[in-house]
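Per chain, numbering begins at 1; letters A, B, ... match sequence-line order.
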Protein chains: 2
Amino acid sequence: MKKSRKTTLSDLSKALNLNISTISRALNDHPKVNETTKKLIKEKAKELDYRPNPLAQGLQKQNTKTIGVIFPTFDTNFFFRVLKGIEKMMHESGYQIIISTAGESRIQEKKAIQSLSSYHVSGIIVFLSFEHEDPSFLIDIQDEGIPLLFMDRIYEEIDANYVISDDFVGMYDTVNQFISKGTKNIIHLQGNLQISTAFNRLLGYKEALLKNKISLNPDFIIPCQHQTEVKTGLRNLFSKYALEDIDLITCYNDYYAFQALEFLKENNIRIPQDIQLLGFANEPLSVYTSPKLSTINQPAEEMGVIASEMILQEIQHNQQGESYQFLTKKMSTFYLKRESTLL
Amino acid sequence: MKKSRKTTLSDLSKALNLNISTISRALNDHPKVNETTKKLIKEKAKELDYRPNPLAQGLQKQNTKTIGVIFPTFDTNFFFRVLKGIEKMMHESGYQIIISTAGESRIQEKKAIQSLSSYHVSGIIVFLSFEHEDPSFLIDIQDEGIPLLFMDRIYEEIDANYVISDDFVGMYDTVNQFISKGTKNIIHLQGNLQISTAFNRLLGYKEALLKNKISLNPDFIIPCQHQTEVKTGLRNLFSKYALEDIDLITCYNDYYAFQALEFLKENNIRIPQDIQLLGFANEPLSVYTSPKLSTINQPAEEMGVIASEMILQEIQHNQQGESYQFLTKKMSTFYLKRESTLL
DNA sequence: CTGTTAGCGCCTTCAG
DNA sequence: CTGAAGGCGCTAACAG
């Protein structure tokens with residue numbers, strides 16, 4: 001039950017009768033170290049299973065090879081897939097990932113980000129869910145030299161890298177396509193508009209109607225703060241409208257669509273014959289429903305990869321003192337027909 | 001564009017003309033500090049937005065308030081739910097979470113754990129996926145004073161906390177119950193036996209047959225390394241057996257069951273009238289299939305919570321130099337009838 | 001109650 | 001090419 005300590009540089013230094021700084025240099029492949037001693041040191045290091053202490057390194061260099069990631073919650077699979085992409089890239093580049101979820105309030109969100117910054121992470125990939133009236137705390141973090149990359153949401157005030165999926169275009173194009181093929185009465189199950197993705201998807205829906213000169217029926221936009229409200233919303237709708245009045249239901253996301261699917265099935269409404277149903281996000285489970293859910297694909301994992309590449313780029317540039325030009329990368333979405341739609 | 005530095009203790013010290021250690025003590029609520037100066041210091045700290053540097057603290061105290069979590073992969077929703085539980089508890093207790101995925105080889109797995117240990121995390125919650133012939137590296141980490149808690153898998157050689165779901169009993173009880181109600185011919189879609197959960201679920205199946213004196217038909221155990229092999233396996237089975245020869249298909253997990261579901265539907269086999277189907281794990285998506293999947297529930301989020309509580313306990317005991325008695329907590333599973341089974 | 005000092009493990013000048 | 005010394009930010013032991 002020996003509480004063994006990790007071997008440190010000074011352990012090596014003693015073991016080899018060399019100065020600690022020589023050891024340090026050798027291990028960092030400093031050019032001005034004798035090749036033979038370097039080899040000697042490295043061997044000894046391996047023998048004693050030396051592993052540098054990232055805390056000490058971080059304290060010294062003000063930079064740990066660690067990337068922070070902030071999620072609003074672990075609720076949807078989408079984040080999971082993004083994370084997988086991030087994970088892959090970062091580990092390839094030798095970075096650790098430290099994850100924090102922001103919880104349910106903007107105060108917690110702020111705290112989570114600040115806590116990450118105090119860990120001297122090399123950069124933070126941020127999914128923000130709340131509207132921050134005063135985003136200056138984000139700018140403060142950038143000023144401390146920590147690159148921020150925002151996912152899926154744009155802040156006009158903040159100069160940074162952005163990776164977003166094209167929510168607007170995805171919805172717009174798809175609805176447009178349905179209309180042009182004769183679909184008339186289209187519902188939208190709208191998400192929480194505080195969240196920009198919900199806002200943009202709704203916007204895509206509206207614009208597509210507008211473009212086709214279809215007047216907006218307010219009853220056809222059903223606001224749901226959460227997927228649990230979907231069924232009630234639909235019940236209301238159908239208390240006022242007949243089955244024939246509705247052709248297609250579009251949704252803020254796949255989870256909303258799953259709820260709608262259940263509702264329709266419970267009421268013996270056939271999909272897609274009676275009503276078509278369209279999700280958004282292409283969650284992996286959407287292939288398992290029956291009928292299989294048609295949806296709009298979002299390249300989640302790829303978004304993670306791209307985000308990682310971008311923030312790594314920025315980090316590198318900063319380290320070398322070069323200037324860096326921020327980018328906004330829009331990931332394209334596309335309509336994925338399965339069984340819950342006809343077209 | 002000022003590259004502002006974070007405010008440190010010595011900044012406060014200068015600003016207030018007080019010794020740095022007084023500042024430190026005041027901020028840590030050390031009893032022997034004058035209440036007025038303490039108040040003064042805290043106000044100044046807030047004013048300058050002082051936040052302690054966890055790297056420095058960690059270096060000093062050999063203990064960061066951080067918990068490492070190792071996952072084999074981000075593939076299944078189960079981990080996600082466990083993570084949610086961990087997340088909740090840890091943030092309540094003021095711990096950060098640092099996540100690492102182990103990747104596809106035992107070498108990477110080892111590296112991931114060691115890397116976490118070098119971060120001086122306060123503890124590590126470990127999902128191991130591979131068989132390690134020489135688990136001494138795990139013991140080394142324990143010797144360094146870092147508590148390890150293993151999830152969902154037991155290592156006889158390693159003294160530690162364990163949280164596992166009762167795979168054996170879950171499968172055993174359920175199959176037993178089906179048999180006692182007259183179900184005869186039961187298939188098991190077996191997972192990769194390297195993984196102990198797969199092994200235990202298979203074992204539960206076998207023992208249930210044994211207990212009821214049903215002889216084991218080797219054709220009825222279909223080994224699948226991965227869910228992608230399920231359909232082929234079933235195709236083979238049905239090339240040899242008729243529909244009437246099979247009453248129930250049990251599965252290593254829900255994903256296997258989803259594949260089986262697809263296969264059965266593709267072949268116009270009715271569920272549950274012709275064949276019943278039983279999953280394992282109660283993945284959230286299992287309610288969205290049709291028919292809805294009957295499964296064996298695993299309390300994923302709760303497992304995360306319990307694991308967190310246990311490792312936090314151990315950490316606390318260690319810090320106070322008390323002795324600590326390791327526990328093995330078995331989370332109970334239960335049969336959850338939905339629509340894909342009759343009983 | 002407060003100040004002084006040393007050190008956690010590492011890197012980086014500056015000398016030699 | 002190698003050694004000595006200082007410091008990153010913080011805490012803890014020892015004085016006063």
Exercise for the section: Answer with yes or no whether Arg51(B) presents, from its side chain, a donor or acceptor under 3.5 Å of a partner atom in the base of dG9(D). Expected result: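 Side chain to base: no pair present.
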Rounded to whole angstroms, how far apart are [atom1] on [X] and [atom2] on [N]?
{"X": "Leu12(B)", "N": "dT11(D)", "atom1": "CG", "atom2": "C1'", "result": "15 Å"}
{"X": "His30(B)", "N": "dA13(D)", "atom1": "NE2", "atom2": "P", "result": "10 Å"}
{"X": "Leu40(B)", "N": "dT2(C)", "atom1": "CG", "atom2": "C1'", "result": "14 Å"}
{"X": "Tyr119(A)", "N": "dC10(D)", "atom1": "OH", "atom2": "P", "result": "14 Å"}
{"X": "His120(A)", "N": "dC10(C)", "atom1": "NE2", "atom2": "P", "result": "18 Å"}
{"X": "Ile23(A)", "N": "dC1(D)", "atom1": "CD1", "atom2": "P", "result": "17 Å"}
{"X": "Asn63(A)", "N": "dC11(C)", "atom1": "CG", "atom2": "P", "result": "12 Å"}
{"X": "Leu27(A)", "N": "dT2(D)", "atom1": "CG", "atom2": "C1'", "result": "15 Å"}

_5' precedence on DNA chain D between Asn34(A) and Ile20(A) (nearest-nucleotide basis)_ =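 Residue closer to the 5' terminus by nearest nucleotide: Asn34(A).
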Here's a test of your reading of the structure: between Arg25(B) and Ala56(B), which maps to the more 5' nucleotide of DNA chain D?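 Its nearest nucleotide being more 5', the pick is Ala56(B).
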- Return yes if a side-chain donor-acceptor contact under 3.5 Å exists between Tyr324(A) and Asn161(A), otherwise no.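 Yes.
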Test Lys46(A) against Glu43(A) for salt bridge (charged side-chain N to carboxylate O under 4.0 Å, His left out), laying out the working first.
CA-CA 5 Å; Lys46(A) 184 154 287 176; Glu43(A) 272 166 17; over 6 Å; no
Please tell me if [X] has a side-chain N or O lying less than 4.0 Å from either OP1 or OP2 of [N].
{"X": "Tyr50(A)", "N": "dC10(C)", "result": "yes"}
{"X": "Gln60(B)", "N": "dA6(C)", "result": "no"}
{"X": "Ser24(B)", "N": "dT11(D)", "result": "yes"}
{"X": "Gln57(A)", "N": "dC11(C)", "result": "yes"}
{"X": "Asn53(A)", "N": "dC10(C)", "result": "no"}

Does [X] reach a base, just sugar-phosphate, or nothing at all? Heavy atoms under 4.0 Å.
{"X": "Ser10(A)", "answer": "nothing"}
{"X": "Leu59(A)", "answer": "base"}
{"X": "Leu55(A)", "answer": "nothing"}
{"X": "Ser21(B)", "answer": "base"}

Requested in this report: Test Tyr119(B) against Thr66(A) for side-chain hydrogen bond (donor to acceptor under 3.5 Å, both in side chains), laying out the working first.
Outcome: CA-CA 11 Å; Tyr119(B) 268 84; Thr66(A) 306; 2.8 Å; yes
> Is Lys42(B) atom NZ crowded by more than 12 heavy atoms from other residues, nucleotides or ligands, each under 6.0 Å away?
Replying inline: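 Above 12, so yes.
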Q. The side chain of Leu9(A) lies closest to which of these nucleotides: dT2(C), dG9(D), dC10(C)?
A.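 Ranking dT2(C), dG9(D), dC10(C) by closest atom to the Leu9(A) side chain puts dC10(C) first.
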Working to the nearest 0.5 angstrom, can you tell me the gap between Met89(A) CE and Ile97(A) CD1?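 Met89(A) atom CE to Ile97(A) atom CD1 measures 11.0 Å (nearest 0.5 Å).
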- Query: Between Lys61(A) and Asn19(B), which has a closest nucleotide on DNA chain C that is more 5'?
  - Reply: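 Taking each residue's closest nucleotide, the earlier one in sequence belongs to Asn19(B).
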Using the six-membered ring wherever Trp is involved, compare the ring planes of Phe78(A) and Phe127(A) and label them parallel, tilted or perpendicular (cut-offs 30° and 60°).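 Rings of Phe78(A) and Phe127(A): perpendicular, over 60°.
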